[in-house]
Amino acid sequence: MRFSTKAIHVGEERREDLAPPLHQSTVFVFERLADMELVARGEKYVYTRFSNPTLSLLEKKIAALEGGEAGIAFASGMAAISALTLSVVKSGDHIISTDIIYGSTHELFEFLQGLGIEVSFVDTSDTESVEAALRANTKLVFLETPTNPTMKLSDIKAVVDVVKDKNENVLIAVDNTFMTPYFQRPLELGADVVVHSATKYLCGHGDAMGGIVVGSAELISGMRRNVLKDFGGVMCPFNAWLIIRGLKTLAVRMERHEKNAMAVARFLEEHPRVKRVYYPGLESFPQFELAKRQMHGFGGMLSFEIGGGMEAARRILEGVRICKFAVSLGTTETLIEHPYTMTHRSFPNKEAFGITECLIRLSVGLEDAEDIIEDLKQALEQV
Ligand code: LCS
């Protein structure tokens, strides 16, 4: 089966109703005490905090799309990332993380430092820096590529080669939220684990929070036993149902997000008030060659820098009429936000990483590209 066929059919082969049922129940009824043996073998459901048939369908689908053995759903992307890290590292261990990452992931890793876990924030786009940062106690390398919000890429395969050559027990995780498995499949490049904020493109409509981890059956069953069951960050079954519905149109949506983003990026690149555009699909993007090699498309996210500082940024953000001035991404609507004061507000030393007062991030939606461009054009004229 190919990508879209998998997205639509995996886990739904033998069923009378076309649309998947929503198992909203928190609990599942037993007939015999011995049924607990079935539970131990993963053949019976007990309680939705451990597992649930609607969550299982979502987990199976996303694992198939990423090419992993198993998946596990959480209440949000951050619940997934925190569950993954807590299941892999303990006090005294070391994490290497991409330096420019989603603000809350950065804050989570800073929090973990308070629990005795060492974290090195490294420019993982430079593979040699990753190699230099490896220590005897390194357990996890966490890559976000493209990074939020500057779209910088890390070469997943090169990082895998360097790290595994030194220590094959180090787990390599990739946050694949921006690209989705339609445009990037880290496991095929040798990574061990993929994490997602399913709140974004996987859902696609901005109406359900969720997070997913995909990896080996052993890792995922361990996470289910420990972090999911005992920390309890389970996804709501209705959200899983919405995200399953979203997955069925993932391929067509990603194609359109990309087509629109490319048109918007080209428009911005030509605009006199725009100083710089960060979009991996532009020939001017410094890592364009890596983008073409590593990804199957360039996605719908871009950032751009304007002249005129905070006041100019404010005028654009408040001046749009079709684009929505909001954080998050991956929705049908184009979303525009200001990383400096919003998503990356508490990020240390922002300017050094290109997160300036003049940086604006766009999640290009599924509207007609001409309308998005006309809207940005009139907002830019207000500067
Ligand atoms: N990973 C990435 C790359 C993200 O962009 C986000 C959220 C998360 C993980 C966390 O996912 P959540 O818990 O929200 O489901 N990014 C956001 C953003 O850029 N604006 O608002 C949320």
Side-chain angles (χ1 to χ4, degrees), residues 58-74 77-90 93-98 101-102 105 108-109 112 117-122 124-125 127 129-131 133-147 153-198 202 211-228 290 293-296:
L58 172 64
E59 292 162 347
K60 204 169 167 184
K61 265 193 207 297
I62 187 74
L65 296 177
E66 288 286 4
E69 287 177 2
I72 183 166
F74 290 92
M78 288 319 301
I81 294 169
S82 56
L84 173 69
T85 46
L86 289 172
S87 72
V88 174
V89 295
K90 57 183 187 325
D93 290 341
H94 175 233
I95 299 174
I96 296 174
S97 165
T98 302
I101 45 172
Y102 172 55
T105 310
L108 167 71
F109 289 159
L112 293 183
I117 293 159
E118 297 169 28
V119 183
S120 304
F121 293 101
V122 170
T124 53
S125 72
T127 309
S129 299
V130 179
E131 187 173 12
L134 278 167
R135 298 179 194 167
N137 58 342
T138 306
K139 289 281 157 51
L140 175 68
V141 174
F142 189 91
L143 304 177
E144 190 177 284
T145 177
T147 57
L153 308 182
S154 297
D155 185 335
I156 298 171
K157 187 168 182 312
V159 169
V160 167
D161 287 347
V162 152
V163 171
K164 298 284 180 182
D165 189 49
K166 284 236 166 134
N167 180 354
E168 61 183 27
N169 295 323
V170 175
L171 207 79
I172 297 171
V174 178
D175 186 328
N176 205 22
T177 300
F178 272 30
M179 280 300 116
T180 83
Y182 186 66
F183 283 142
Q184 177 169 276
R185 288 185 289 282
L187 302 181
E188 288 177 2
L189 301 169
D192 302 292
V193 193
V194 171
V195 298
H196 278 283
S197 166
L202 302 185
I212 309 263
V213 179
V214 176
S216 71
E218 191 188 348
L219 175 88
I220 299 300
S221 64
M223 287 180 68
R224 194 177 298 284
R225 261 194 322 277
N226 304 122
V227 281
L228 180 62
L290 173 59
R293 190 167 75 242
Q294 169 161 289
M295 288 139 52
H296 307 281

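Residues passing the salt bridge (Lys or Arg N to Asp or Glu O under 4.0 Å) test with Arg293 are Asp155, sequence neighbours excluded. Partners of Thr145 under the side-chain contact (heavy atoms from CB on, under 4.5 Å) rule, at least two apart in sequence or in another chain, are Leu153, Ser154, Ile156, Val174, Gln184, Gln294. By the side chain to side chain donor-acceptor pair (under 3.5 Å) test, Glu188 is found to be paired with Arg185, residues two or more places apart in sequence or in another chain being considered. The side-chain contact (heavy atoms from CB on, under 4.5 Å) test applied to Ala83 returns Phe74, Met223, Val227, not counting sequence neighbours. Take Thr138 and apply the side chain to side chain donor-acceptor pair (under 3.5 Å) test, not counting sequence neighbours, and it matches His94. Partners of Lys164 by side-chain contact (heavy atoms from CB on, under 4.5 Å), not counting sequence neighbours, listed by chain and number: Val160, Glu168, Ile172, Asp192.
Between the side chain of Thr177 and the backbone N or O of Ser197 there is at least one donor-acceptor pair closer than 3.5 Å. The main-chain N or O of Tyr182 is found under 3.5 Å from a side-chain atom of Thr180 such that the two form a donor-acceptor pair. Judged purely by atom type and a 3.5 angstrom limit, Asp93 uses its side chain to pair as donor or acceptor with the backbone of Lys90.
Considering every non-hydrogen atom in both Ala133 and Val122, the closest pair reads CB-CG2, 3.7 Å. Shown here for Val214 and Gly68, the closest heavy-atom pair between the two residues is CG1-CA, 3.8 Å. The shortest non-hydrogen separation linking Leu187 to Glu66 is CD1-O, 3.6 Å. When every heavy atom of Ala70 is checked against every heavy atom of Ala217, the shortest pair comes out as CB-CA, 4.1 Å. Between Ser97 and Ile101, the shortest heavy-atom distance links the atoms OG-CD1, 3.5 Å. Residue Thr127 comes nearest to Ala158 through the heavy atom pair CG2-O, 3.6 Å, listed as atom of the first residue, atom of the second, then distance.
Residue Leu171 holds its CG atom at 6.0 Å from CG of Leu219, rounded to the nearest 0.5 Å. Summarising the geometry, atom CZ belonging to Arg224 is positioned 12.5 Å from atom OG belonging to Ser87; distances are rounded to the nearest 0.5 Å. Within the model, atoms CD of Glu59 and CD1 of Ile212 stand 7.0 Å from one another, a figure rounded to the nearest 0.5 Å. Distance CG/Asp175 to OG1/Thr98: 9.0 Å, rounded to 0.5 Å. Rounded to the nearest 0.5 Å, atoms CG (Leu290) and NZ (Lys157) are 12.5 Å apart. How far CZ of Arg225 is from CD1 of Ile220: 11.5 Å, rounded to the nearest 0.5 Å.
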Give the intermediate values and the outcome of side-chain contact (heavy atoms from CB on, under 4.5 Å) for residues Lys139 and Ile95.
CA-CA 6 Å; Lys139 289 281 157 51; Ile95 299 174; over 6 Å; no
Residue pair Ile81, Phe142: steps toward the side-chain contact (heavy atoms from CB on, under 4.5 Å) verdict
CA-CA 10 Å; Ile81 294 169; Phe142 189 91; 4.0 Å; yes
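Contact check for Pro181 versus His196: side-chain heavy atoms found under the 4.5 Å cut-off.
Between Phe109 and Phe121, the ring-plane angle classifies as tilted under the 30° and 60° cut-offs.
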